[in-house]
Q: 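Sharing a structure here in structure tokens format.
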Amino acid sequence: MGVSFRSLGLANTGEMFRRAFAEQYAVPAYNFNNMEQLQAIITACVETRSPVILQVSSGARKYANQTMLRYMAEGAVKMAREMEEGLGCEGEIPITLHLDHGDTFELCQACVESGFSSVMIDGSHLPYEENIALTRRVVEYARPRAVSVEGELGVLAGIEDKVRAEQSTYTRPGEVEDFVSRTGVDSLAISIGTSHGAYKFKPEQCTRDARGILVPPPLRFDILEEVERRLPRFPIVLHGASSVIQEAVATINAHGGKMRDAIGIPEAELRRAALSSVCKINIDTDGRMVMTASIRKTFVESPSEFDPRKYLGPARSALVEMYKRKNREVLGSAGRYGKEVG
Ligand code: G3H
Ligand code: 13P
Ligand code: ZN
């Protein structure tokens, strides 16, 4: 017998996206693989009063164990509610548990049965008609259970779970109405020049600023605008939206790391996207890098430490600050469910 997401205190993305549209912000979709990341996401989103989508990739499911992850998410909801009570918050922030880059019907089904309130079926690498057929099948299964479904059109460069695409294929706006009406998806991920991971652009695609830091090519807002015109008031998703924070790159490199020419999407462009029909922005790499930067720094500065809490604790605090700043300055999702606290 499966478990319903509602019994875990989770929400689907329906009302979340309606509000994000009406108030012109994007809901953060942060990936997690371990307890510290999850605690940081919840703390930041409760304190900034931001809705949140907790994202689990199939890689995360393997790393952390699928059963463990489902109970972690349930624990995260309980932690959020206790924090809200303790801080005297008005109301509750909505929390969604979402499968990131689901690649088969069976994986989506297993996640729905274990309490996920939203799934992505990523058929973007398939021929168009196969993408439609697979996505439609997932929607037909998820809809009666009130679970939200995200589909994708267009391919992002970089690694999408197990699949590596050397080059991006921009979404063809001419396909979006047909795809959405034939599949019945609740949201659509599109490709407008973002990409996964810490090396989103090759140096030859970029220019360099005065400090020698790569400046990436701009996102294709013309494609986004055409998609918006064809799908009025329909929730659009941006994957690969880490900005690859240069302070984290510098800290990593200054403490024994090697991340030369790591480059992401400028936050000003993401801010602009959050004001459009983009209702969900996916960020994973920035969390990985902020955590790694903090841990590397602790190891170099305190070489005698061996208690994991002494390096994971500061890393978790750095993550909280980064997520809060993203909610406030990039997504615009802070303060949407009451006044900020903490
Ligand atoms: O889109 C990919 C996400 O960043 C998840 O990455 O497959 O390494 O867990 P992962
Ligand atoms: P980043 O690698 O840019 O953080 O993208 C994450 C993502 O799209 C998860 O689906
Ligand atoms: Zn992605």
Side-chain angles (χ1 to χ4, degrees), residues 13 26-34 37-38 40-41 52-66 68-69 72 96-104 107-108 111 116 118-125 148-165 168-169 171 187-201 214 216 219 236-246 248-249 259 262-267 269-270 273-274 278-293 319 322-323 325-327 330-331:
T13 58
V27 179
Y30 296 132
N31 290 67
F32 75 99
N33 295 263
N34 63 34
Q37 288 173 315
L38 184 55
I41 295 166
V52 66
I53 297 172
L54 303 171
Q55 289 204 141
V56 171
S57 69
S58 55
R61 266 177 115 237
K62 281 192 206 93
Y63 175 78
N65 180 287
Q66 61 190 65
M68 178 62 88
L69 278 175
M72 281 170 75
T96 292
L97 180 63
H98 175 80
L99 169 67
D100 192 24
H101 295 286
D103 57 351
T104 62
L107 174 58
C108 293
C111 287
F116 281 55
S118 177
V119 293
M120 175 189 194
I121 177 69
D122 181 358
S124 61
H125 303 91
S148 311
V149 179
E150 174 185 325
E152 179 167 351
L153 269 181
V155 179
L156 272 68
I159 299 172
E160 291 197 72
D161 227 313
K162 284 160 275 174
V163 187
R164 163 172 275 284
S168 67
T169 312
T171 301
S187 62
L188 180 68
I190 61 168
S191 170
I192 59 166
T194 59
S195 100
H196 289 101
Y199 302 92
K200 299 194 186 300
F201 303 97
L214 292 176
L219 295 183
I236 299 300
V237 178
L238 276 195
H239 282 247
S242 280
S243 52
V244 184
I245 301 161
Q246 290 302 305
V249 178
M259 293 198 71
I263 188 78
I265 311 298
E267 289 186 343
E269 293 193 21
L270 297 167
V278 170
C279 287
K280 171 174 180 270
I281 290 189
N282 288 12
I283 297 177
D284 184 0
T285 299
D286 281 342
R288 296 176 178 193
M289 291 182 63
V290 163
M291 197 165 194
T292 299
L319 277 179
M322 188 272 286
Y323 291 131
R325 195 184 61 74
K326 290 274 182 191
N327 292 351
V330 183
L331 294 120

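Numbering of ligands and ligand atoms starts at 1, following listing order. Quantities reported herein were computed from a predicted structural model and do not represent experimental measurements. Computation of the quantities below employed the complete heavy-atom set of this structure, encompassing side-chain atoms and omitting hydrogens, waters and symmetry-equivalent molecules.
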Q: Distance under 4.0 Å to a non-hydrogen atom of Asp284: what atoms of ligand 1 satisfy this?
A: 3 (C), 4 (O), 5 (C), 6 (O)
Q: I'd like to check His239 versus Asp100 (side-chain heavy atoms, cut-off strictly below 4.5 Å). Are they in contact?
A: yes
Q: What's the separation between atom NZ in Lys200 and atom OG in Ser242, rounded to the nearest 0.5 Å?
A: 5.0 Å
Q: Number the atoms of ligand 2 from 1 as they appear, then name those within less than 4.0 Å of a heavy atom of Gly197, with their elements.
A: 2 (O)
Q: Say whether, by atom type as modelled, one donor and one acceptor occur between the side chain of Gln66 and the main chain of Ser58 under 3.5 angstrom.
A: no
Q: If hydrogens are left out, which of Lys200, Met289, Arg288, His196 has an atom nearest to atom 3 (O) of ligand 2, that is, the closest non-hydrogen atom?
A: Lys200
Q: Of all the atoms in ligand 1, which lie at a distance below 4.0 Å from a heavy atom belonging to His196?
A: 1 (O), 2 (C)
Q: Taking side chain as C-beta onward, heavy atoms only, is Val278 less than 4.5 Å from Ile236?
A: yes
Q: Which protein non-hydrogen atom lies closest to atom 8 (O) of ligand 2, naming both residue and atom, and how far is it?
A: Gly240 N, 2.8 Å
Q: With the Zn ion (ligand 3) at the center, what angle do NE2 from His196 and NE2 from His101 span, rounded to 10 degrees?
A: 100°
Q: Does the side chain of Ser191 reach to within under 4.5 Å of the side chain of Val155, using non-hydrogen atoms?
A: no
Q: Please classify the His239 to ligand 1 contact at 4.0 Å (heavy-atom distances, strictly less than): side chain, backbone, both or neither.
A: neither
Q: I'd like to know if Arg288 contacts ligand 1, where contact means a heavy-atom distance under 4.0 Å to any ligand atom.
A: yes
Q: Considering only heavy atoms from C-beta outward, does the side chain of Asn327 approach that of Pro28 to under 4.5 Å?
A: yes
Q: Within the structure, does Ile283 bring an N/O atom to less than 3.5 angstrom of an N/O atom in ligand 2?
A: no
Q: Specify side chain, backbone, both or neither for Asn31, according to which of its non-hydrogen atoms lie closer than 4.0 Å to ligand 2.
A: side chain
Q: Would one find an N or O of Asn33, backbone or side chain, under 3.5 Å from an N or O of ligand 1?
A: no
Q: Mind checking whether Met291 and Asn34 have side chains closer than 4.5 Å, heavy atoms only?
A: yes
Q: Do Ser57 and ligand 1 have an N or O pair less than 3.5 Å apart?
A: yes
Q: Pick whichever of Ser242, Ser195, Ala198 has a heavy atom sitting closest to atom 4 (O) of ligand 2.
A: Ser242
Q: Quick one: nearest non-hydrogen protein atom to atom 10 (O) of ligand 2, plus distance?
A: Asp100 OD2, 2.7 Å
Q: Counting non-hydrogen protein atoms only, what is the nearest one to atom 2 (O) of ligand 2? Give residue, atom name and distance.
A: Thr285 OG1, 2.6 Å
Q: Is ligand 2 under 4.0 Å from a heavy atom in the side chain of Ala241, in the backbone, in both, or in neither?
A: backbone
Q: Locate the shortest heavy-atom distance separating Ile190 from Leu238; write the atom from each residue and the value.
A: O-CD2, 4.2 Å
Q: Does any part of the side chain of Thr194, heavy atoms only, come nearer than 4.5 Å to the side chain of Leu156, both counted from C-beta?
A: yes
Q: Using the side chain to side chain contact (heavy atoms under 4.5 Å, CB included) definition, which of the options Ser118, Ser187, Cys279 pairs with Thr13?
A: Ser118
Q: Considering the heavy atoms of Asp100, write down every atom of ligand 1 situated less than 4.0 Å from one of them.
A: 1 (O), 3 (C)
Q: Please could you name the atoms of ligand 2 that His101 approaches to less than 4.0 Å, counting only its heavy atoms?
A: 10 (O)
Q: Side chains of Lys326 and Ser243 only: does a donor on one sit below 3.5 Å from an acceptor on the other?
A: yes
Q: Could you tell me which N, O or S atom of His239 is nearest to the Zn ion (ligand 3)?
A: ND1
Q: Show the atoms of ligand 2 that are less than 4.0 angstrom away from any heavy atom in His239.
A: 8 (O), 10 (O)
Q: Rounded to the nearest 0.5 Å, how far apart are NE2 of His196 and OG1 of Thr285?
A: 8.0 Å
